[in-house]
Amino acid sequence: MEPVRYIDDFLQHVRRKRIRVLTLKGLYLLFAFLTGSFLLSNLFSYYFPTQVREFWLPALISFGAAFAYLLYYCFLREGTTDFSLDQAALLTEEKFP
């Protein structure tokens with residue numbers, strides 16, 4: 001193999017690793033959001049049992065909006081942006097000068 005092919009293979013590896021890192025970051029963020037929402041809703045229903053019925057619809061709407069935003073931010077926006085080999089090379093040079 002010629003050196004250009006080695007460089008292209010390495011940069012493709014950097015691109016694949018970036019996608020894996022962004023996916024894991026998004027999954028961790030969604031898991032933290034779901035866990036926090038679950039704990040917050042349980043605390044709210046424990047301390048205010050009579051008011052929970054009045055606020056379930058606004059809480060569900062705000063939860064859905066925040067969840068949709070996180071899905072968009074973590075997976076659609078980050079995952080569909082172009083990441084060329086030049087950007088992979090710049091990222092590599094930034095990390096290993």
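Below, each value reflects all heavy atoms present in this structure, side chains not excepted, and no hydrogens, waters or symmetry copies.
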Worksheet entry | Joint hydrophobic cluster, Tyr46 plus Phe48, side-chain heavy atoms closer than 4.5 Å | yes
Discussion item. Measuring from atom OG1 of Thr35 to atom CG of Leu30, what distance do you get when rounded to the nearest 0.5 angstrom?
Written reply: 10.5 Å
Item to complete: Treating Ile, Leu, Val, Met, Phe, Trp and Tyr as nodes and any side-chain heavy-atom pair under 4.5 angstrom as an edge, say whether Phe44 and Leu40 lie in one connected cluster.
Response: no
Show me the donor-acceptor pairs within less than 3.5 Å that the side chains of residues 20-28 make with the rest of the protein, sequence neighbours left out.
residue	atom	partner	partner atom	Å
Thr23	OG1	Ile19	O	2.8

Discussion item. Do Leu71 and Tyr73 sit in one hydrophobic cluster, given that two such residues count as connected whenever their side-chain heavy atoms are within less than 4.5 Å of each other, even indirectly?
Written reply: no
Worksheet item: Would you find a donor on one side and an acceptor on the other, under 3.5 Å apart, between the side chain of Ser45 and the backbone of Asn42?
Response: yes
Worksheet entry | Separation of His13 NE2 from Arg18 CZ (nearest 0.5 Å) | 14.5 Å
Name every donor-acceptor pair, under 3.5 Å, that has one atom in a side chain of residues 56-66 and the other anywhere in the protein, sequence neighbours excluded.
residue	atom	partner	partner atom	Å
Ser62	OG	Pro58	O	3.2
Ser62	OG	Ala59	O	3.0

Discussion item. Distance check, rounded to the nearest 0.5 Å: Leu91 atom CG versus Asp86 atom CG?
Written reply: 12.5 Å
Discussion item. Nearest 0.5 angstrom please: Leu85 CG to Leu90 CG, how far?
Written reply: 11.0 Å
Worksheet entry | Residue Tyr72 excluded, over 12 heavy atoms near OH under 6.0 Å | no
Worksheet item: With sequence neighbours excluded, what pairs up with Tyr69 under the ring pair (Phe, Tyr, Trp, His ring centres under 6.0 Å) test?
Response: none
Worksheet item: Is the backbone N or O of Phe83 less than 3.5 Å from a side-chain atom of Arg15, with the two atoms forming a donor-acceptor pair by type?
Response: yes
Worksheet entry | Nearest-0.5 Å distance, NZ of residue Lys17 to OG1 of residue Thr92 | 11.0 Å
